[in-house]
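Okay, structure first, notes after.
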Amino acid sequence: MQFTNPDDLAIRDFLQRIRRIAVLGLSPNQHRPSYHVSAHMQRFGYDIVPVRPGVASVLGQPAYAHLQDVPGRVELVNVFRNANELDTIVENCISLGMPAIWIQQGIINEAAACRARDAGLFVVMDRCIYIDYLHLCL
């Protein structure tokens with residue numbers, strides 16, 4: 001089983017089409033990659049929804065303990081979690097009917113990515129959404 005990311009055109013079209021991103025593992029620490037990337041995406045006009053237990057808010061937005069707690073429609077789940085957690089995250093995304101999952105750069109779980117893709121989700125793995133936005137959309 002091998003996973004291949006969508007091509008750059010598909011990724012660009014996707015990034016231009018969505019607006020609301022739930023970020024799993026969004027840290028309130030300004031020095032963490034999840035904070036830095038999400039802050040930039042927020043400045044580009046995306047609605048960032050922090051998903052992190054034990055935190056009231058991040059980037060001025062209310063935080064939710066679990067993905068299923070997030071009210072309203074989520075267009076993308078952006079994952080800043082360990083690769084060994086992806087099986088559970090993907091199953092949760094599938095059961096909640098999430099349309100897309102972005103597994104950040106350095107996080108690789110081929111089986112989970114393939115399972116999400118095969119369930120109909122738009123899937124990007126081992127790429128940084130911020131870098132791709134800069135490269136493909138500006």
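Values reported hereafter were calculated over all heavy atoms of this structure, with side chains retained and with hydrogens, waters and symmetry mates removed. Counting from 1, the numbers follow the sequence of the chain as shown.
Taking 4.5 Å as the limit, some side-chain heavy atom of R20 sits within range of a side-chain heavy atom of V70. The shortest distance between side-chain heavy atoms of F122 and L76 does not fall below 4.5 Å. A 4.5 Å side-chain heavy-atom check between F44 and L138 finds at least one atom pair inside the cut-off. Between V74 and V49 the shortest side-chain heavy-atom distance does not fall below 4.5 Å. In this structure, E85 and V79 have side chains that are not in contact, with every pair of non-hydrogen atoms separated by 4.5 Å or more. Using a 4.5 Å cut-off on side-chain heavy atoms (C-beta onward), L121 and C93 make contact. For the pair I129 and Q104, the minimum side-chain heavy-atom distance is below 4.5 Å.
Linking Ile, Leu, Val, Met, Phe, Trp and Tyr residues whenever their side-chain heavy atoms come within less than 4.5 Å places I21 and V124 in a single cluster. A continuous path of hydrophobic side-chain contacts links L96 to L24 [ILVMFWY only; heavy atoms under 4.5 Å]. In this structure, I89 is a member of the same hydrophobic cluster as M125, with clusters built from ILVMFWY side-chain heavy atoms closer than 4.5 Å. Clustering ILVMFWY residues whenever any of their side-chain heavy atoms sit less than 4.5 angstrom apart, transitively, puts Y64 in a cluster other than the one holding V55. Taking hydrophobic clusters as Ile, Leu, Val, Met, Phe, Trp and Tyr residues chained together by side-chain heavy-atom distances below 4.5 Å, F14 shares a cluster with L136.
The two residues A116 and V123 come nearest to each other via the heavy atoms CB-CG2, 3.6 Å. In terms of heavy-atom proximity, V58 sits nearest to P28 at CG1-CA, 4.0 Å. Here the closest heavy-atom approach between residue P62 and residue P50 is recorded as O-CD, 3.4 Å. Contact between N109 and A83 at its shortest, heavy atoms only, is ND2-O, 3.2 Å. In terms of heavy atoms, V51 sits closest to H66 at CG1-C, 3.7 Å. The two atoms that bring S38 and L26 nearest to each other are OG-CD1, 3.5 Å, heavy atoms only.
A distance of 10.0 Å separates CZ of R12 from CG of D7, quoted to the nearest 0.5 Å. Distance check: I101 CD1 to L67 CG gives 9.0 Å after rounding to the nearest 0.5 Å. Taken to the nearest 0.5 Å, the CG atom of D8 stands 6.5 Å off from the CG atom of D132. Between the CD atom in E110 and the CD1 atom in I103 there is a gap of 9.5 Å [rounded to 0.5 Å]. One distance of note links NE2 of H40 with CD1 of I48; it measures 12.0 Å at 0.5 Å rounding.
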Using residues 30-37 as the side-chain source, report each donor-acceptor pair under 3.5 Å to any protein atom, sequence neighbours left out, with the distance given to one decimal.
residue	atom	partner	partner atom	Å
S34	OG	G25	O	3.4
S34	OG	S27	N	2.9

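Of the possible donor and acceptor atoms, none in the side chain of R52 sits under 3.5 Å from a partner among the backbone N and O of A63. A distance-only check finds no donor-acceptor pair linking the side chain of D126 to the backbone of Q105 [under 3.5 Å]. Using modelled atom types, no side-chain atom of W102 and backbone atom of V23 make a donor-acceptor pair closer than 3.5 Å.
Relative to the six-membered ring of Y46, R19 meets both conditions, a distance below 6.0 Å and an angle of at most 45° to the axis.
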Using the salt bridge (Lys or Arg N to Asp or Glu O under 4.0 Å) rule, take D47 and R73 through it: C-alpha gap first, then chi angles, then the decisive distance, then the call.
-> CA-CA 11 Å; D47 178 16; R73 178 168 160 73; over 6 Å; no
